[in-house]
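Because only heavy atoms are used, hydrogens play no part in the values below, and waters and symmetry mates are left out as well, while side chains stay in. Keep in mind the model is a prediction, meaning the values are calculated, not measured. Residue numbers start from 1 in every chain, and the chains themselves are labelled A, B, ... in the order their sequence lines are given, proteins ahead of strands.
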Number of protein chains: 2
Amino acid sequence: MFISKTSEYALRILTYMALNNETQFSAQSLYAELDIPKRYLMRLLTDLSKSGFIKATRGRNGGYVFARPLETIYFSEIIDSVEGLLPFEGCVLGNAVCPVDKPCAMHQIWEKPKQAFLETIKTTTLADLLL
Amino acid sequence: MFISKTSEYALRILTYMALNNETQFSAQSLYAELDIPKRYLMRLLTDLSKSGFIKATRGRNGGYVFARPLETIYFSEIIDSVEGLLPFEGCVLGNAVCPVDKPCAMHQIWEKPKQAFLETIKTTTLADLLL
DNA sequence: ATAATATAATACCCGTAAGTATTAATTTAT
DNA sequence: ATAAATTAATACTTACGGGTATTATATTAT
């Protein structure tokens, strides 16, 4: 399953905003573009706002803009804010401890894809989408 | 979250069985070794049995043994039988379609870790644990 | 035969992620 | 001032993965 549906939504929202350089995005306009249940989208926008990725202005003509430069927003941070990174970093067999000197059966096998995943999300920012 | 808890359990069970060459494994003995809720473990064993990875013999002195040679059991098949592979193979942003000529924003970025993951589980069998 | 020891089947329960509804607060155009 | 348009807060509902309970079925030691 890789990442949760909510993480998926968050990425969909922020990548859309990053790629479409508008002065501001209302929940309404995002709803029209992205395929996310409206009320859930609105709540998620508030969450992303609280997390500091975007900032909101209320009232008429309100909406959302990025709160920080795209270069500073790593994918890892987005996923982390939604569902945490621990489940990704831990032992794939779910062992509480998976010591280096006596790792779990799948440790060796899992290492490569896991590192590829973590490395990617930890070194890539929203700005990289524009390249 | 990577893989579901049930997939985790399934891998834990089968890797344990693969690494400990006993003539037979009872649910009881697996429960003693692996940290999985007993009743859930038993149900999962039945599932794995139905899926054809292991076969059960009932009654006194019953238990489970592999139904097929370890060389033929790919990790991808195990995960597939528990939660399916589609969520892993599909678009990371959850788009129904993510066409090659006009892929989603994260397509390029996600490609490497995704392939590393799929490649690993599709080319590794339980027998590889014994190497 | 019977009792003991296994797995199988089925139904139910619970916690959490996902989704919905309602009301409040804020801003601005008129 | 007022109404319209926006986000915020909060509570509720639903779906599902994970976990539990109960009963049935099969095998074998005695």
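For the helix from C/dA1-D/dT30 to C/dT30-D/dA1, the end axes, each set by the C1' atoms of five terminal pairs, are bent relative to each other by 10° (nearest 10°).
Near DNA chain C, meaning a heavy atom under 4.0 Å from it, residues 34-65 of chain A has A/P37, A/R39, A/Y40, A/R43, A/R58, A/G59, A/R60, A/N61 in order of number.
B/Y16 and B/V65 fall into different hydrophobic clusters, where Ile, Leu, Val, Met, Phe, Trp and Tyr residues are linked whenever their side-chain heavy atoms come under 4.5 Å apart, directly or through other members. Note on B/M42 and B/L11: separate hydrophobic clusters, where clusters join Ile, Leu, Val, Met, Phe, Trp and Tyr whose side-chain heavy atoms are under 4.5 Å apart, directly or indirectly.
Between B/Y64 and B/T57, the side chains place no donor N or O within less than 3.5 Å of an acceptor N or O (distance only, hydrogens not considered). Checked by atom type, the side-chain pair B/E83/B/S7 shows a donor-acceptor distance below 3.5 Å. Residues A/Y40 and A/T6 bring a donor and an acceptor atom of their side chains to less than 3.5 Å of each other.
Between the P atom of C/dT7 and the CZ atom of B/F25 lies a distance of 13 Å, rounded to the nearest Å. B/Q24 places its CD atom 11 Å from the C1' atom of C/dT7, with the value rounded to the nearest Å. With rounding to whole Å, B/M1 atom CE is found 8 Å from C/dA17 atom P.
For the pair A/S7 and B/S26, nearest-nucleotide mapping onto DNA chain C gives the more 5' position to B/S26.
With rounding to the nearest 0.5 angstrom, the CD1 atom of A/I13 is 4.0 Å from the CG atom of A/L44.
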Kindly determine whether B/L93 and A/Y9 satisfy side chain to side chain contact (heavy atoms under 4.5 Å, CB included), including the steps that lead there.
CA-CA 7 Å; B/L93 291 189; A/Y9 290 162; over 6 Å; no
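OP1 or OP2 of C/dA18 has at least one side-chain nitrogen or oxygen of A/T6 nearer than 4.0 Å.
Remark: aromatic rings of B/F117 and B/F88 are close, center separation under 6.0 Å.
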